[in-house]
Amino acid sequence: MGYERKLMRNVSRVEPQKLGLAFVVACFVFSMAFVSVTKLVGLRLMNPIQAIIVAKDSGNPQLSESKLKIDLKVQNNSLTQSESSNQQLEDIKDFKQPERKSNIDLKVQNNSLTQSNSSNQPLEGTKDFKQPDEINLQEISKPLCDFSDKRSDVCEIQDQVIVHGNSSSVYIMNPKLQESYTIKPHARKFDSTAMRRITNISVKALSNYDDPFKCEVNHSIPAIIFSTGGFTGNMFHEFTDVIVPLFITSRKYHGEVQFLISETRPWFFIKYKPYLKALSHYEIIDFNKEERVHCYPNAVIGLKSHKEMSIDPLRSPNGYSMVDFAQTMRKAYSLKRKSAIKLKNSQSKKPRLLIIARKRTRSFKNIDEIVLMAKGLGYEVVVSEADVGLEKFSRIVNTCDVIMGVHGAGLTNIVFLPMNAIVIQIVPLGGLEGIAKLDFGTPALDMKLNYLQYSITEEESTLTEMYPRDHAVFKDLGSIQRQGWMAIRKIYLDQQNVSLDVNRFKGYLEQALQFLHQ
Ligand SMILES: *[C@@H]1O[C@H](CO)[C@@H](O)[C@H](O)[C@H]1NC(C)=O
Ligand SMILES: *[C@@H]1O[C@H](CO)[C@@H](O)[C@H](O)[C@H]1NC(C)=O
Ligand SMILES: *[C@@H]1O[C@H](CO)[C@@H](O)[C@H](O)[C@H]1NC(C)=O
Ligand SMILES: *[C@@H]1O[C@H](CO)[C@@H](O)[C@H](O)[C@H]1NC(C)=O
Ligand SMILES: *[C@@H]1O[C@H](CO)[C@@H](O)[C@H](O)[C@H]1NC(C)=O
Ligand SMILES: *[C@@H]1O[C@H](CO)[C@@H](O)[C@H](O)[C@H]1NC(C)=O
Ligand SMILES: CC(=O)N[C@H]1CO[C@H](CO)[C@@H](O)[C@@H]1O
């Protein structure tokens with residue numbers, strides 16, 4: 001544990017290249033061409049495109065959403081199905097009658113076509129799409145390795161594979177294939193600093209199954225190969241780059257899967273042992289050191305990832321969501337409380353507020369004053385540092401109903417909260433509101449927690465003690481941003497402490513109480 005803590009502290013200096021991320025997200029959004037079906041007339045694309053059509057029924061969108069993948073070719077004025085799946089598509093003829101579908105917005109994004117969020121109206125004539133079993137298009141000619149995603153590359157291999165970890169090699173037993181790939185199995189593809197720490201794995205189709213690769217260990221379960229390199233050591237990165245993507249990729253196997261992990265870190269296994277055991281009933285193989293040749297009936301290389309520390313249920317197997325993830329976490333760490341306290345006026349039991357203290361940076365300067373104010377509102381207050389070990393801290397978090405903390409990796413612990421609990425994120429100066437929301441706000445809402453975000457004023461920032469009030473740090477954020485993420489990090493993340501204006505902040509703790517009364 002001591003080792004773990006020390007390492008955590010050292011590596012936590014490696015803050016994410018978050019500005020880069022925001023930029024990537026922005027580019028991603030702007031690079032999407034946006035068309036509606038009616039406008040598809042006239043759109044010319046030579047390559048087959050894959051469409052994901054999401055049909056929603058206004059009655060109960062949760063239950064009736066279903067997803068279907070089809071290969072489509074847009075050619076001249078008509079949308080036609082690709083050769084690979086001709087017979088099955090009787091039902092999709094409707095597509096050629098755009099007037100019936102004028103409500104569907106589709107986004108064309110390189111090779112994929114997705115319906116946008118903007119049109120949740122019931123879609124007449126789309127009922128037929130809700131029967132994937134009947135149409136069964138899931139298997140349609142997907143490439144073995146998908147390099148199209150912004151966040152991660154993933155190979156899904158349906159054939160038998162031979163894995164030789166020590167030479168970072170995976171061979172596919174299928175004489176019909178002639179493919180070969182190089183892949184870094186880590187879900188932070190857009191971040192070159194993180195990816196430099198990940199070894200390449202070579203994936204090759206092998207037609208002549210002979211000597212050097214005789215199976216030494218035969219398995220009857222699939223393998224998932226991934227790396228825990230990158231920015232692990234910072235808890236937010238452990239979750240957003242590994243823990244959550246691993247859930248998306250492995251949950252559907254219900255434990256019947258083996259993990260082979262490259263760039264292993266001994267502390268990682270100690271910290272996440274309960275979680276890893278929940279997802280795989282088999283021993284973990286240290287990929288880089290494994291000299292034996294292992295054979296599996298099929299394998300996934302790389303982890304699927306949808307967004308920062310969260311899951312898009314529309315894209316995940318069986319519709320798994322962050323609610324399922326949080327449930328798995330609570331179960332793995334034997335956390336008892338599933339939901340936060342429900343306050344009744346007559347009740348004497350107090351809601352518990354956890355203040356995540358930070359010792360070095362972005363720490364509260366007036367913690368006593370905050371505690372006093374919160375107690376005055378009827379809270380039982382717990383002040384804790386997130387570095388007491390995951391098992392212990394997860395238990396503390398799970399006993400609380402409200403958690404507050406300044407933006408930072410410690411807030412990752414919200415995954416242990418009971419449902420309906422309230423997360424209050426305090427955002428220091430530095431234009432960090434968007435990143436704060438992306439990193440913890442959206443994940444909180446996706447886990448069915450309540451979320452409040454509080455931006456501090458200049459008066460509440462200790463930066464006023466270091467810079468004159470007319471300095472660019474306060475008056476010209478843009479000029480600092482133009483110096484890059486490192487400048488932002490140094491000034492606003494590493495040099496800033498917070499002296500919370502308790503009168504201004506009080507309203508947030510009152511609102512949290514209201515959430516608990518509902
Ligand atoms: C599409 O249109 C072009 C020119 O308008 C024509 O040369 C081509 O044959 C058409 N393709 C199909 C598949 O109809
Ligand atoms: C589309 O593909 C191009 C080149 O392959 C790539 O540069 C671009 O980022 C991709 N855009 C999206 C939205 O995937
Ligand atoms: C899609 O819609 C849901 C709710 O309808 C919303 O929460 C989500 O932010 C939307 N996503 C995007 C990418 O617009
Ligand atoms: C990893 O593979 C990529 C793509 O083939 C290659 O450009 C890169 O040089 C490789 N890196 C190492 C360290 O071998
Ligand atoms: C594993 O299976 C292969 C192919 O069926 C067989 O040749 C080999 O002897 C088996 N290895 C072991 C250790 O059982
Ligand atoms: C912020 O607070 C911590 C803990 O009190 C302290 O060690 C650190 O020096 C402070 N940072 C600055 C820039 O004042
Ligand atoms: C256990 C182990 O690491 N074995 C070998 C892996 O491969 C390298 C060369 O790539 C050898 O030096 C190691 O001995």
Side-chain angles (χ1 to χ4, degrees), residues 60-63 65 235-236 239 243-244 247-248 251 272 274-275 277-279 307-313 316 318-356 374-375 377-384 386 388 390-405 410-426 437 439-454 507-518:
N60 187 342
Q62 283 296 345
L63 293 176
E65 277 173 14
M235 189 169 168
F236 172 71
F239 273 73
I243 298 292
V244 173
F247 183 82
I248 299 173
R251 180 67 184 88
Y272 295 110
Y275 174 71
K277 280 177 94 167
L279 293 177
K307 48 183 175 170
E308 289 298 347
M309 206 168 84
S310 189
I311 300 171
D312 177 356
S316 69
N318 304 332
Y320 292 130
S321 68
M322 272 311 268
V323 172
D324 301 311
F325 171 76
Q327 202 172 16
T328 301
M329 267 288 155
R330 285 195 297 265
K331 204 170 159 203
Y333 288 87
S334 311
L335 305 176
K336 295 203 173 61
R337 291 174 83 224
K338 294 196 172 73
S339 346
I341 194 170
K342 275 204 192 332
L343 295 179
K344 306 208 172 60
N345 291 328
S346 57
Q347 191 171 273
S348 59
K349 200 161 173 2
K350 290 181 170 183
R352 276 165 66 86
L353 167 68
L354 172 62
I355 304 177
I356 299 191
K375 283 184 173 165
L377 292 176
Y379 284 100
E380 185 180 322
V381 184
V382 184
V383 180
S384 182
V388 296
L390 193 65
E391 300 225 16
K392 184 168 176 205
F393 199 63
S394 66
R395 282 197 296 275
I396 297 173
V397 172
N398 186 252
T399 61
C400 293
D401 305 290
V402 182
I403 189 171
M404 63 179 273
L411 282 175
T412 309
N413 291 286
I414 60 175
V415 299
F416 301 113
L417 284 171
M419 259 211 292
N420 303 319
I422 296 101
V423 177
I424 309 176
Q425 181 172 200
I426 292 139
K437 180 83 199 295
D439 288 353
F440 302 112
T442 306
L445 293 170
D446 289 348
M447 283 184 272
K448 300 235 188 297
L449 302 170
N450 296 290
Y451 179 70
L452 299 171
Q453 186 166 307
Y454 176 92
Y508 287 72
L509 286 183
E510 285 169 344
Q511 199 178 335
L513 287 176
Q514 276 170 22
F515 279 125
L516 294 173
H517 267 290
Q518 281 160 12

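Numbers here are sequence positions counted from 1.
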Separation between OG1 (Thr442) and CE (Met447), nearest 0.5 Å, reads 10.5 Å
With sequence neighbours left out, the residues meeting ring-ring contact (aromatic ring centres under 6.0 Å, His included) with Phe247 are Tyr320, Phe325
For Val383, the side chain to side chain contact (heavy atoms under 4.5 Å, CB included) test, sequence neighbours excluded, returns Ile355, Ala357, Ile367, Val371, Val381
CG (Asn413) and OG (Ser384) are apart, to the nearest 0.5 Å, by 9.0 Å
_Any side-chain to backbone donor/acceptor pair from Tyr508 onto Met404? Under 3.5 Å, distance only._
no
Rounded to the nearest 0.5 Å, the CD1 atom of Ile422 sits from the CG atom of Leu353 at a distance of 10.0 Å
State, with a plain yes or no, whether a side-chain heavy atom of Glu391 is found less than 4.5 Å away from one of Pro274. yes
Can you confirm if the aromatic rings of Phe393 and Phe416 lie within a centre distance of less than 6.0 Å?
no
By salt bridge (charged side-chain N to carboxylate O under 4.0 Å, His left out), Arg337 pairs with (sequence neighbours left out) Asp401
Salt bridge (charged side-chain N to carboxylate O under 4.0 Å, His left out) filter on Asp324, not counting sequence neighbours, yields none
So CZ of Phe239 and CZ of Phe440: to nearest 0.5 Å the spacing works out to 10.5 Å
Could you walk me through whether Gln425 and Asp439 satisfy the side-chain contact (heavy atoms from CB on, under 4.5 Å) test, starting with their C-alpha distance in whole Å, then the side-chain angles of each, then the deciding distance to 0.1 Å, before giving a yes or no?
CA-CA 11 Å; Gln425 181 172 200; Asp439 288 353; 5.7 Å; no
Is there a donor-acceptor pair closer than 3.5 Å between any side-chain N or O of Arg330 and the backbone N or O of Leu417?
yes
By side chain to side chain donor-acceptor pair (under 3.5 Å), Tyr272 pairs with (sequence neighbours left out) Glu238
* Determine, step by step, whether Leu516 and Val402 satisfy the side-chain contact (heavy atoms from CB on, under 4.5 Å) criterion, reporting the C-alpha distance in whole Å, the side-chain angles of both residues, the deciding distance to 0.1 Å, and the verdict. => CA-CA 9 Å; Leu516 294 173; Val402 182; 4.1 Å; yes
The salt bridge (charged side-chain N to carboxylate O under 4.0 Å, His left out) partners of Lys437 (sequence neighbours excluded) come to none
Sorted by chain and residue number, the salt bridge (charged side-chain N to carboxylate O under 4.0 Å, His left out) partners of Arg352 (sequence neighbours excluded) come out as Glu380
